[in-house]
Amino acid sequence: MPDEIGLFEAMYTQRALRYIKADPIPDELVKKVIEAGIRAPNGGNQQRWGFVVIKDREVKLKVAERYKDTDRPAHTRPADASSARNDRSANYLAEHLADVPVLVLCCVRRPGGEGTTSDIGHGASIYPAVQNMLLAARGLGLASVLTTRPRRGFEKEMKEWVGVPDEFDTAALLPLGYPADGYSYGPTTRRPMEEVTYLERWGENFPS
Ligand SMILES: Cc1cc2nc3c(=O)[nH]c(=O)nc-3n(C[C@H](O)[C@H](O)[C@H](O)COP(=O)(O)O)c2cc1C
């Protein structure tokens, strides 16, 4: 295992890493990623989550086939050079998903159970866990990215293939593996803090 990196270095460099080697990864690392996930804040500490570790080639092939055919939402399509790069890597992952050694399907049970719909509060009980997992992957030197195509494009089939109970939603599918040669984590590109943060009232500069 690589030496541990600092918390802030991890947060500042945990960008999407979609170029992933086919080499297997030890279960020990997958466990560490999920152990980090289940430490996350969640509504009422009800821990309504469940994770499916997918290594079976047959299942991965089915996921990959449908993943490729699921469009990205319009609001995430490239608008500039960095987004175009993002799009290229997203397409690369879509073409190579079946070769990724481990896919982790992150699920959350709807508060009302079967037949109810999800909302933003419901998502808030799983995405902190997902982010913990991405940070843990970053810390362990494993490549990953938060993907939602299964949720958007073929959730029913995804759940059937791995037996997720009806009252659960699939929040994210995380590919996990070693970064492909020549690819590594690095600083994320984001709008500056000053542009998105206000003092006391929307539109007022912070720091003033
Ligand atoms: C809600 C959400 C859904 C996402 N869905 C996908 C996805 O389906 N496929 C994918 O490759 N990346 C997906 N991403 C990753 C984003 O594209 C990525 O976080 C963003 O472009 C910033 O990229 P960076 O971290 O490399 O700077 C998703 C991220 C979030 C937060």
Side-chain angles (χ1 to χ4, degrees), residues 5 7-21 33 37 40-42 49 51-52 54 60 62-108 118-159 169-177 179-180 182-193 195-196:
I5 61 170
L7 175 63
F8 280 85
E9 185 189 350
M11 290 192 292
Y12 284 29
T13 60
Q14 181 258 302
R15 63 187 179 196
L17 193 36
R18 302 184 180 90
Y19 296 90
I20 301 176
K21 268 189 190 156
V33 167
N42 65 97
W49 44 48
F51 306 89
V52 186
I54 304 167
K60 287 194 291 182
K62 285 194 261 194
V63 178
E65 195 53 41
R66 293 297 306 276
Y67 189 98
K68 252 192 306 206
D69 293 341
T70 303
D71 272 346
R72 303 184 68 194
H75 67 273
T76 69
R77 300 244 171 78
D80 53 33
S82 109
S83 314
R85 206 169 40 243
N86 190 295
D87 211 40
R88 267 198 308 280
S89 69
N91 289 339
Y92 178 92
L93 176 64
E95 291 299 326
H96 294 85
L97 196 68
D99 299 327
V100 173
V102 172
L103 305 175
V104 183
L105 185 66
C106 308
C107 306
V108 61
S118 42
D119 64 13
I120 195 168
H122 169 55
S125 271
I126 185 68
Y127 289 113
V130 171
Q131 176 61 8
N132 267 12
M133 293 165 76
L134 292 170
L135 284 170
R138 167 68 190 98
L140 294 166
L142 293 174
S144 195
V145 55
L146 193 169
T147 79
T148 47
R149 281 196 206 191
R151 166 159 187 70
R152 286 185 282 107
F154 53 101
E155 185 171 45
K156 187 167 167 288
E157 294 89 334
M158 182 76 246
K159 284 170 65 172
D169 286 324
T170 68
L173 182 77
L174 304 187
L176 274 183
Y183 294 93
S184 58
Y185 282 106
T188 53
T189 313
R190 299 290 187 267
R191 287 162 63 197
M193 186 273 290
E195 221 177 280
V196 296

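All values below were derived from every heavy atom in this structure, side-chain atoms included, with hydrogens, water molecules and symmetry-related copies excluded. Just follow the structure's listing: the first ligand is 1, and inside any ligand the first atom is 1.
- Between Tyr19 and Tyr92, the ring planes lie tilted relative to each other; the angle falls in the 30° to 60° range.
- For the pair Ala16 and ligand 1, the shortest N or O to N or O distance falls below 3.5 Å.
- Between Arg190 and ligand 1, an N or O atom pair is found at a separation short of 3.5 Å.
- Close approach of ligand 1 to Arg152 is summarised as follows: ligand atoms under 4.0 Å from at least one heavy atom of the residue are 8 (O).
- Against a heavy-atom cut-off of under 4.0 Å, Arg15 is close to the following atoms of ligand 1: 24 (P), 25 (O), 26 (O).
- With rounding to the nearest 0.5 angstrom, the CG atom of Leu173 is 5.0 Å from the CG atom of Leu103.
- Side chain of Arg138 to backbone of Arg15: no donor-acceptor contact under 3.5 angstrom is found.
- If you check each of Thr188, Leu173, Leu146, Thr70 against atom 4 (C) of ligand 1, the one with the closest non-hydrogen atom is Leu146.
- Of the possible polar contacts, one joining the Ser144 side chain to the Pro175 backbone as a donor-acceptor pair under 3.5 Å is found.
- Closest heavy-atom contact between Asn42 and Trp49: ND2-CH2, 3.5 Å.
- In this structure, Lys21 contributes its side chain and Pro101 its backbone to no donor-acceptor pair below 3.5 Å.
- Heavy atoms from both the backbone and the side chain of Thr147 come within less than 4.0 Å of ligand 1.
- Using a 4.0 Å cut-off to heavy atoms of Val145, the atoms of ligand 1 that qualify are 12 (N), 15 (C).
- Taking only nitrogen or oxygen atoms, main chain and side chain alike, Arg18 reaches within less than 3.5 Å of ligand 1.
- The two residues Pro187 and Thr13 come nearest to each other via the heavy atoms N-CG2, 4.1 Å.
- Within the 4.0 Å heavy-atom criterion, both parts of Thr148, backbone and side chain, lie near ligand 1.
- For ligand 1, the atoms lying closer than 4.0 Å to a non-hydrogen atom of Arg149 are 8 (O).
- Proximity of Tyr67 to ligand 1 is established by a heavy-atom distance of less than 4.0 Å.
- Arg149 places a side-chain N or O within donor-acceptor distance of the main-chain N or O of Thr70, the cut-off being under 3.5 Å.
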